[in-house]
Each structure stands twice: as structure tokens, then as C-alpha cells.
Amino acid sequence: MQRAYNFNAGPSAMPLEVLQEAQAEFLNYAGTGMSVIEMSHRSAEYAALHAETKALLRELMQIPDDYEIMFIQGGGSTQFLMTAANFHTQKYAAYVNTGVWAKKAMAEGKFFGEVYEAASSADKNHSYIPDSFNIKDGTSYVHLTANNTIYGTEYKSFPKFDVPVICDMSSDILSRKVDVKNFDLIYAGAQKNLGPAGVVIVIAKKAFLATARQELPTMLKYATFAANDSLYNTPPVFAIYMVNKTLHWIKEQGGVDAIAQNNAAKAKLIYDVIDGSGGFYKGHAVKEARSLMNITFNLATPELEKDFVAQGKAAGFVGIGGHRLVGGCRASAYNAVPLEACAALADFMKKYQREHE
Ligand SMILES: *Cc1c(COP(=O)(O)O)cnc(C)c1O
């Protein structure tokens, strides 16, 4: 079967084995004579799937017992709102502005009180990760974006704060090991590293959840999801099912450490071409902040970039154009993108350079 070299930024590549398994059992899940999308979310079969998905996440991310795992709809964008609605309870909320998503999160925070930038990388077009932060008294939380999908930067290690830390891991969850204990709340939309769009994984410290604002509509409260095992209303069963399969796949690959090693090898293939190109390709991010998930680069002119993307497409590479807001080129090498795809892209980039220098 002809599969594209898929470098889409999101939704993005899924492991082939996961898609094949889902296909094979689509009409008859676990001998029920029904598709998983046709059965009650209160059925024993679905309950087992739901519980196993949480258990797998807990195991793979080593999530401590005093953290709640929730499945919520509305995408990462709704988490910008929910985090602020629940936790912006003091005078200020702090945001580290490392790009478009961080700014969007901050914009939602403003609905619930004052917000400010604890640090910003805007002065250099978000090509780096700040390392000094200003936190004011009366700050409810600081919000970080672990991986900046559009600019191609990521925290290599996470700073420590004296206020609660909320982190958007939408584009790098399970791509590398993180110490969950250092965060009060982590959220991640599934469609980059974990499954189809439609579910967000939220991991939150129980003691932090207890500090949330109470006067909120039912569906905006984390407490609703926590108290009802994310089954207050119908959860996105198909998305959770696909996440479950992806988590099994990650485990079969050897877990998060093995995935992280592979991700480093994949990204290196492409960054090495950029670094060895004598300036034909220019990486956007400074080396210390380079994302292993989203590799962003430029060619000499927008015309050349357009041609590169078009010729890449003709050669089978999908999704290598930059984000519509920033232009340039971007290869997203999420967990499910195979090493061979990155090797093929690296070869294509070298060939393209030889032909266009
Ligand atoms: C894609 C993305 C989002 C937005 O996700 P939606 O599910 O489209 O709302 C938020 N944060 C980051 C870091 C992302 O990459």
C-alpha cells in the first residue's frame, strides 16, 4: 500500500499498525457485533477501554496517584479557556509568550482577570525559549507551552516556579519523558501525538483541582470531569479508543524512552541537512531550543520555498509548508512518523539543494 511521507502538523501521522487494527475491528469490536462507535459509553466493553486508557497513560507517563486523568472535548483551545476559568482566582495569571498558542491561551486568561507575560520570545520572532521569568505577587498560575508547534522551539528542561504551573503539551506529549510532579496541570489535544482530533488529555494534581473556582457552568468545571471519571456526559469514544491503541503502540515500541530516542534520531537527520547546507537551508530556532517535533526552516526566498514545497509534494512529502501565519517550511516529525520518512526527506532536501544552488 502506498502511504504518504506525512509531515502534517496536526492532525498528523498515526502509526500504521494502529490504523490497521482499528480497521480490522471497526465492524465488530471485541466480539460485540458492533462498532466501538455504536455502543453505549456505559457498556462493560467501553468501561474497560476507558479504564485501560487511563491506566496505560498513568504507566507510560508515570503519573502519580495524586493526579487525576480526564478526557475532555473542545481541543487545546478550550483548555485555554478552562484553565483560566477554573484557576485564574487571584489578581494575576502569568503566561510565557513563546508563540501563537501561548498568546491565544493568554487572550482567554483575560476574561477572568489580569494577565501578564512572565517572559516572552517575541523580540526574536519566537526563535528561542526564555530562561528568566518575572512572577508578580498575587499570581494564580504560570502557563507554559512545552513545544511551540508553529515556531519549532521546545523547552529542553522546564523552569521551576513558586506558583502553580499549567502546561500545554499538545504537540509533544509522550514524545519524551517529563516529570509530571513538576506540573499542577498538563493538557494535550490528541491530534498531534496521540490519536484523532476530538479528545484532550488533562492530567491534574488533585490538590490543585481543589483550589478551582466553584461558580462555573457544569461543563467548564474540571470537577465535573474528575468526579464522574470523564463520564458525566458522552465522552468522545472513538477518539479515546484510538488513543488507547496508540498508547499500546508506544508501549510496544519500548515506552517513552525508546520513543524519545527515535525522535532524536529522526530530527537529527533533518537538522544535520540544515546545518550542513552552508546556509541554503536556515533553521528558524536557535540550536538549544530546537523542537524534535516541528522542524522549521527557511530557504533564500518565499518563491524558492514555494517551489521546494511543491516539488516535495510531487515527490510524496505531505505537509512541509510552514504555518500560514509564519511561512517558510516545517516538517512535523511526531511519534508516529517513521525514521524512514525523515531519512527520505533528508535525502530529498540534499537533492533539492544540489539542483537549486
Ligand atoms: C494545535 C495546538 C493547540 C490547539 O489545538 P486545538 O485542538 O486545535 O484547539 C494548542 N496548543 C498547541 C501547542 C498546539 O500545537
Side-chain angles (χ1 to χ4, degrees), residues 5-10 12-18 57 59-62 98-99 126-129 131 144-159 167-180 182-183 186 188 190-194 246-277 281-297 317 319-320 322 328-350:
Y5 292 125
N6 185 350
F7 291 96
N8 278 325
S12 40
M14 293 280 296
L16 178 60
E17 298 90 321
V18 168
L57 251 183
E59 176 188 341
L60 288 167
M61 290 184 71
Q62 297 177 297
T98 48
H126 302 300
S127 58
Y128 70 105
I129 295 287
D131 60 4
L144 310 177
T145 310
N147 179 74
N148 298 284
T149 324
I150 293 173
Y151 295 93
T153 59
E154 71 185 348
Y155 289 85
K156 295 299 165 184
S157 62
F158 289 95
C167 190
D168 177 359
M169 294 193 186
S170 291
S171 54
D172 68 344
I173 188 165
L174 284 154
S175 70
R176 54 175 169 161
K177 198 172 208 156
V178 294
D179 193 348
V180 173
N182 293 334
F183 303 92
I186 292 168
Q191 71 269 26
K192 280 137 192 172
N193 252 336
L194 283 182
T246 306
L247 294 173
H248 275 294
W249 177 83
I250 291 173
K251 199 170 160 176
E252 281 155 22
Q253 304 306 299
V256 178
D257 286 335
I259 289 278
Q261 255 182 30
N262 196 41
N263 285 337
K266 280 154 50 183
K268 184 173 187 301
L269 287 169
I270 298 168
Y271 283 125
D272 279 353
V273 173
I274 292 172
D275 294 340
S277 72
Y281 299 108
K282 288 181 287 294
H284 177 72
V286 299
K287 285 188 184 173
E288 315 82 73
R290 280 177 165 175
S291 168
L292 300 187
M293 298 286 95
N294 310 98
I295 300 158
T296 48
F297 55 95
F317 299 96
I320 56 174
C329 302
R330 169 175 60 172
S332 297
Y334 296 121
N335 289 350
V337 174
L339 185 81
E340 301 73 57
C342 295
L345 180 61
D347 286 344
F348 171 77
M349 288 170 73
K350 283 189 258 185

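Side-chain atoms are counted along with the backbone in the values below, which use heavy atoms only and exclude waters and symmetry mates.
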Exercise. Please name all residues satisfying side chain to side chain donor-acceptor pair (under 3.5 Å) with S332, sequence neighbours left out, ordered by chain then number.
Key: N294
Quiz item: With S175, which residues qualify under side chain to side chain donor-acceptor pair (under 3.5 Å), at least two apart?
Solution: none
Quiz item: Taking only residues two or more places apart in sequence, or in another chain, which ones meet D168 in a side chain to side chain donor-acceptor pair (under 3.5 Å)?
Solution: S170
Quiz prompt | Results of side-chain contact (heavy atoms from CB on, under 4.5 Å) for T296 - residues two or more places apart only | solution = H284, R330
Quiz item: Does K156 have any side chain to side chain donor-acceptor pair (under 3.5 Å) partners at least two apart in sequence or in another chain, and if so, which?
Solution: E154
Self-check item: Partner residues of F297 under the ring-ring contact (aromatic ring centres under 6.0 Å, His included) criterion, sequence neighbours left out
Solution: Y281, F308
Exercise. Could you pull out all residues at least two apart from D272 that satisfy side-chain contact (heavy atoms from CB on, under 4.5 Å)?
Key: K268
Practice problem: Mind checking side-chain contact (heavy atoms from CB on, under 4.5 Å) for D275 and listing every partner two or more places apart, or none if nothing turns up? | Solution: K287, R290
Quiz prompt | F183: ring-ring contact (aromatic ring centres under 6.0 Å, His included) partners, not counting sequence neighbours | solution = F158
Quiz item: Are the side chain of Y334 and the backbone of A9 linked by a donor-acceptor contact shorter than 3.5 Å?
Solution: yes
Practice problem: Return yes if some donor-acceptor pair links the side-chain N/O of S12 with the main-chain N/O of K192 below 3.5 Å, else return no. | Solution: yes
Under 3.5 Å donor-acceptor pairs involving side-chain atoms of residues 250-262, not counting sequence neighbours:
residue	atom	partner	partner atom	Å
K251	NZ	E59	OE1	3.3
K251	NZ	E59	OE2	3.0
Q253	NE2	W249	O	3.4

Side chains of residues 338-348: which donor-acceptor pairs under 3.5 Å do they make with residues two or more places apart or in other chains?
none

Quiz item: In terms of side-chain heavy atoms, does N335 have a donor or acceptor partner in N263 at a distance below 3.5 Å?
Solution: yes
